[in-house]
Amino acid sequence: QVQLVESGGGLVQPGGSLRLSCVASGSILRIHRMGWYRQAPGNQRELVALIHQGGVINYADSVKGRFIISRDNAQRTLYLQMNNLEPEDTADYYCYADVTPTYDFTIRNDYWGQGTQVTVSS
């Protein structure tokens with residue numbers, strides 16, 4: 001019913017920048033929260049950044065000052081601007097959305113994208 005599709009990952013040199021995008025589609029009435037999580041090999045999936053519908057934003061300490069999360073005016077596309085990338089940022093990045101579907105306005109469901117790979121290397 002709801003799909004999240006990420007794009008924008010790739011290979012970048014240390015100190016470089018990438019912008020990730022996530023497009024939400026399907027039976028969406030409202031998206032309460034959207035965010036980015038990442039998982040490096042052998043590690044747990046961790047929160048990178050989370051943005052609430054009202055505008056409150058949470059960042060992981062490791063990315064504060066370097067990454068910027070944002071949503072478009074329709075609140076259906078999520079972005080992560082990643083600046084001054086470090087090798088430690090290498091991971092699969094996953095889009096997350098907390099969604100109230102059109103078919104039931106009383107519930108909220110979690111959805112995840114398929115992931116996009118970010119590799120920071122010389």
Between [X] and [Y], do the side chains contain an N or O donor and an N or O acceptor separated by less than 3.5 Å?
X	Y	value
Gln39	Glu46	no
Asn84	Glu86	no
Ser27	Gln1	yes

Parallel, tilted or perpendicular, as decided by the 30° and 60° cut-offs, for the rings of Tyr96 and Tyr37: perpendicular
Backbone N/O of Ile28 and side chain of Thr102: donor-acceptor pair under 3.5 Å: no
Donor-acceptor contact present, side-chain Thr100 to main-chain Ile107, <3.5 Å: yes
ILVMFWY cluster, Trp112 and Ile31 together (side-chain gap under 4.5 Å): no
same_hphob_cluster(Val23, Leu80) at 4.5 Å side-chain heavy-atom cutoff: no
[X] vs [Y] side-chain heavy atoms within contact, under 4.5 Å:
X	Y	result
Leu18	Tyr93	no
Tyr79	Ile68	no
Pro87	Ser121	no
Phe67	Asn83	no
Leu4	Tyr94	no
Val99	His32	no
Arg33	Arg108	yes

Carboxylate-amine/guanidinium contact Asp92 Arg45, below 4.0 Å: no
Quick check: closest heavy atoms across [X] and [Y], and the distance to 0.1 Å?
X	Y	result
Ala91	Ala40	CB-N, 3.8 Å
Ser70	Leu78	O-CD1, 3.4 Å
Glu6	Trp36	CG-CZ3, 3.7 Å

Side chain to side chain contact (heavy atoms under 4.5 Å, CB included) assessment of Met34 paired with Arg76: CA-CA 9 Å; Met34 295 189 79; Arg76 295 295 184 268; over 6 Å; no
Spatial distance of atom CZ (Arg38) from atom CD (Gln117) [nearest 0.5 Å]: 13.5 Å
CA sep, side-chain torsions, deciding dist, call: Asp98, Asp110, side chain to side chain contact (heavy atoms under 4.5 Å, CB included): CA-CA 5 Å; Asp98 171 14; Asp110 293 341; 4.3 Å; yes
Pairs touching residues 36-122 that satisfy disulfide (SG to SG under 2.5 Å), sequence neighbours left out: Cys22-Cys95
Check against side chain to side chain contact (heavy atoms under 4.5 Å, CB included), Arg66 and Asp89: CA-CA 11 Å; Arg66 299 189 298 120; Asp89 296 316; 2.7 Å; yes
Val12 vs Thr119, side chain to side chain contact (heavy atoms under 4.5 Å, CB included): CA-CA, chis, key distance, verdict: CA-CA 6 Å; Val12 66; Thr119 302; over 6 Å; no
Distance-only criterion, 3.5 Å: show the donor-acceptor pairs between side-chain atoms of residues 47-54 and protein atoms not counting sequence neighbours.
residue: His52; atom: NE2; partner: Asn58; partner atom: OD1; Å: 3.3
residue: Gln53; atom: OE1; partner: Arg30; partner atom: NE; Å: 2.3
residue: Gln53; atom: OE1; partner: Arg30; partner atom: NH2; Å: 2.1

